[in-house]
Protein chains: 2
Amino acid sequence: MATISDVAARAGVSTATVSRALNGKSTVDPALVAKVQQAAAELGYQPNGLARNLRRQETAVLALIISDVENPFFTSIARGVEDVAQTSGYSVVLCNSDENADKERRYLDVAVQERVAGVVLSPTGTETDVAVLTGRGTPVVAVDRPLAGGTGDQVLVDTRRAAREATGHLLGHGYRRVACVTGPSGVRTADDRLAGYRDAVVGVHDEVVRRAEYKAAGARRATLDLLDADPGTDALLVANSTMAIGVLEALAERGLRPGRDVGVVAFDDAPWATLIDPPLTVVAQPAYEIGAEAARLLLARIADNTRGPTATLLDARLIERGSSVQSS
Amino acid sequence: MATISDVAARAGVSTATVSRALNGKSTVDPALVAKVQQAAAELGYQPNGLARNLRRQETAVLALIISDVENPFFTSIARGVEDVAQTSGYSVVLCNSDENADKERRYLDVAVQERVAGVVLSPTGTETDVAVLTGRGTPVVAVDRPLAGGTGDQVLVDTRRAAREATGHLLGHGYRRVACVTGPSGVRTADDRLAGYRDAVVGVHDEVVRRAEYKAAGARRATLDLLDADPGTDALLVANSTMAIGVLEALAERGLRPGRDVGVVAFDDAPWATLIDPPLTVVAQPAYEIGAEAARLLLARIADNTRGPTATLLDARLIERGSSVQSS
DNA sequence: CTGAAAGCGCTAACAT
DNA sequence: ATGTTAGCGCTTTCAG
C-alpha cells in the first residue's frame, strides 16, 4: 500500500510538500499540487488515518453509544447526530451498549483508546463513569438520560411531565384505574415516567405498576400478570414503543380491545402506531432533534471546551389517537 | 494524558517491559507485572490505540456499512454482526450510507483510512467499488446484496424465489390480480423481488408494478397511484416492511381492508406485523443470522485470506397470517 | 515556497 | 527476563 513517501518520490518532491498539497495548504505552487495529485492518483494513494491522527493528536470521529440499536427512538437520535456531524466533516461510529453496563464500559474505553473527538452517550445507569473521557479532555454529551456528575452538556426530555400529562389524559377520558408498565428500576427514563404517572394518580386511586426490560417480551408478560392480578385496570401507560408491542400482544391475548376496553398511551411515536386499530395514542419525543442538538453541542465543545455545562430540556407532545378514547 | 513512558518511569522499568506486561506476554517477571499494573492504575493510563494500531499495522475494529439504520432488517443484521464480533474481541462501528452512493464511498474511504480489519457491506448499488479495500488486502463481505466483482464472500437470501412463492401464495388464495410495490431500480433486492413476482404472474395476468424509495412515504404514494390507475388490483406484494407501512396507510385511506379487499404479503417480519388486524403475512428473512454469518466469514478471512470467495444463500420463509386470506 | 528532520505513542527485533 | 532502539506514516516546526 502506497505511502506518502511513495507519492513524494514519484512526484519528485518532499513528503512535506505532498502533505501540504493534499491537505490544501495555500502555500504550495499550483504546478506542484497538480503533480502531487496525479502521482497520488496513479498510486491509488490513501492516507493512513492512524498515522495522521497520531500525529495530529485528534480524530474526526464521534462515538455514539446507545442502549438499543433496535429501538426506533435511538435510531432516530442516530440519524440526528449523523446528519449534523456529516456537515462538519465528522464521521460517527455507533456503538450498541445493549443496556449493559459492562458493554458500555468497554465502548467507553474503546472511545478513549481510539481518541475519538467526542462522544454522545445515552447512559445505561446512573453509575456510568465518564471520568476517563472528561479527564482526558474528551467532551461527552448525555442524551435521553442524565449523567450522574452533572458535568458536561445534556439534552433531555421532560419525560416526567409528559408521563403525568398522559396519565391525566387517560383519567380525563373516563378511565377509572390506570396502570403503568415501565422499564427497569435504575434506568432514569423508566423511573421518571413512573414518577410522572404517580404524580397523576396520587389521590385518585392506588398505583398499579409493573416493571420489565425495555423490550416487547418482558412487557407482554408483565401486562398479562398485571391484568390477572388487578382486573379492575382499565387503562395503561406504557414507557416506550418497544414495550407497547408486548402490551398490545397481551391485550389481544386476553381479548381486550385498546380504547374501548383498555385505554392505552405509549411513549414514542413508532411508525406503525397509526396502523393498528384503533390507532395508538402516543407521547412523541423529538428524537431526531435530540440527536441533532447533541451533535451541535458536542461540536461546539470540541471547538471550545471552556464554557460551563448546559442542560437542554425538550418537550414531548401527546398525540391523541383512538387507543385512549372510549368511543365506539 | 499519561503515556507508556510515564508508566515505565513510575514503575522503574523500560517501556518495552510495560508494553509486555500490559499485553500479557508470558516472559515477564510476575513481580514486575504487578508493579507495572499498579503504576498504570495510579496514572489512569489508557493505551493510545492509534499508536498501537499504527505500529501493529492492524486494528480490532470492523466496519458495518448499511443503507438504513432505521430499517429493522438492517438493525437485526447489526446485532448479528456485533454479537459474533464481540466474542472475538472486535468492536464494530456502524455506518449509515442512507442508500446513497456518495455517502457509501465516503464511508468506504474512512474504512480504508482508519485501516479497519474488515468490512461488512450492504452495497447501495451494483456499481459499488470496493477495490480500495480489497486492493489493500482488507476483506469485505457483502450482505443482502451482491457485489459486482463476485470477489469476496457474500451472504444473501434467495429473495427471488421467496418473492415468487409469496406471489404464488396470493394467487393460490383466490386473488386474481397481484401488483408489486418494490424499491428503486438498481437496488438488487428490489429488482430480484420484482423478478420473482414476474416469474409468478407471467401467463396469469399482466404485471402491475410500482417502484419507490425503500421508505414508507414513497410506498404510500405509489400505492395510492396504483390503486387509482389499476382498480382491478386485489393483492399486493411489498418489498420490505418499511414500505409496508406506507402501503397499509394507503389502503386505509382508500377504505380497503387487508385480506378481505386486498391481499397483502410483505418482506421482513417486523415486530408490529402481528398487531395489525388482520395480522400481516410476511416473508421472514433470517436477518440476525445473515449478520452473524457475515461476521464469522469476515473473521475467518481476516485470519486467512487465501481461500476462494464463498457464497452463502440463506432461506426466507413465508409466514402466513390473516392479510393474505380472504376469509371473513 | 520547499525541504530536512523531529516526533506523536507504541511494539518488536535485537541485544544483553 | 529486561533494556535499547528503530521505526509505523504522517504533520509541522524550523531553516533556507
Side-chain angles (χ1 to χ4, degrees), chain A residues 1-37 39-40 43-61 109-110 112-117 132 136-138, chain B residues 1-37 39-40 43-61 109-110 112-117 132 136-138:
Chain A
M1 158 133 264
T3 74
I4 199 173
S5 347
D6 299 328
V7 178
R10 184 167 192 115
V13 298
S14 73
T15 60
T17 299
V18 174
S19 173
R20 285 191 277 249
L22 261 23
N23 289 295
K25 303 288 182 198
S26 44
T27 62
V28 189
D29 185 326
L32 280 189
V33 173
K35 227 173 3 181
V36 168
Q37 281 171 343
L43 292 168
Y45 171 69
Q46 284 280 359
N48 185 324
L50 297 170
R52 164 187 290 162
N53 296 335
L54 176 58
R55 174 61 228 233
R56 284 209 185 134
Q57 297 282 67
E58 72 181 26
T59 57
V61 357
D109 284 343
V110 171
V112 201
Q113 289 170 18
E114 299 300 325
R115 303 300 196 258
V116 300
V132 282
R136 214 207 134 252
T138 305
Chain B
M1 158 134 263
T3 74
I4 199 173
S5 348
D6 299 329
V7 178
R10 183 166 192 118
V13 298
S14 73
T15 59
T17 298
V18 174
S19 174
R20 284 190 278 250
L22 261 23
N23 289 297
K25 304 287 183 200
S26 44
T27 62
V28 189
D29 186 324
L32 280 191
V33 174
K35 239 195 324 203
V36 168
Q37 280 172 342
L43 292 169
Y45 171 69
Q46 286 279 358
N48 185 325
L50 296 170
R52 164 185 293 162
N53 296 335
L54 175 58
R55 175 61 230 232
R56 284 208 187 138
Q57 296 283 65
E58 72 181 28
T59 55
V61 358
D109 284 343
V110 171
V112 199
Q113 289 171 17
E114 299 300 325
R115 303 299 195 261
V116 300
V132 283
R136 214 208 133 252
T138 305

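Keep in mind that what you see is a predicted model, and the values were worked out from it rather than measured. Residue numbers begin at 1 in each chain, while the letters A, B, ... track the order of the sequences. Keep in mind that the numbers below use all heavy atoms, side chains included, and drop hydrogens, waters and symmetry copies.
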K.L.:
List for me each residue that meets side chain to side chain donor-acceptor pair (under 3.5 Å) alongside B:Thr15, sequence neighbours excluded, and say none if there are none.
P.N.:
none
K.L.:
Can you see which heavy atom on B:Ala40 is nearest to which on B:Val7, and at what distance?
P.N.:
N-CG1, 4.0 Å
K.L.:
Report the residues that fulfil side-chain contact (heavy atoms from CB on, under 4.5 Å) with A:Gln46, sequence neighbours left out, ordered by chain and then residue number.
P.N.:
A:Met1, B:Asp109, B:Val112, B:Gln113, B:Val132
K.L.:
Between A:Val28 and A:Arg20, which heavy-atom pair has the shortest distance, and what is it?
P.N.:
CG2-CB, 3.8 Å
K.L.:
With axes from five pairs an end, tell me the bend angle of the helix from C:dC1-D:dG16 to C:dT16-D:dA1, nearest 10°.
P.N.:
40°
K.L.:
Write down the distance between CG (B:Asp29) and C1' (D:dG3), rounded to a whole number of angstrom.
P.N.:
15 Å
K.L.:
Restricting to side-chain contact (heavy atoms from CB on, under 4.5 Å), what partner residues turn up for A:Val13, sequence neighbours left out?
P.N.:
A:Ala11, A:Thr17, A:Val18, A:Leu32, A:Val36
K.L.:
Compile the donor-acceptor pairs under 3.5 Å between side chains in residues 50-58 of chain A and protein atoms, sequence neighbours left out, one pair per line.
P.N.:
unit_1, atom_1, unit_2, atom_2, d
A:Asn53, ND2, A:Gly49, O, 3.0

K.L.:
What is the distance from atom CG of B:Leu43 to atom CD1 of B:Ile4, rounded to the nearest 0.5 Å?
P.N.:
12.0 Å
K.L.:
Within the 4.0 Å limit for protein heavy atoms, which parts of nucleotides 9-16 of chain D are touched? Write it as a string from 5' to 3', B for base, S for sugar-phosphate only, - for none.
P.N.:
BBBBB---
K.L.:
Tell me whether B:Asn23 contacts the main-chain N or O of B:Lys25 through its side chain, where contact means a donor paired with an acceptor under 3.5 Å.
P.N.:
no
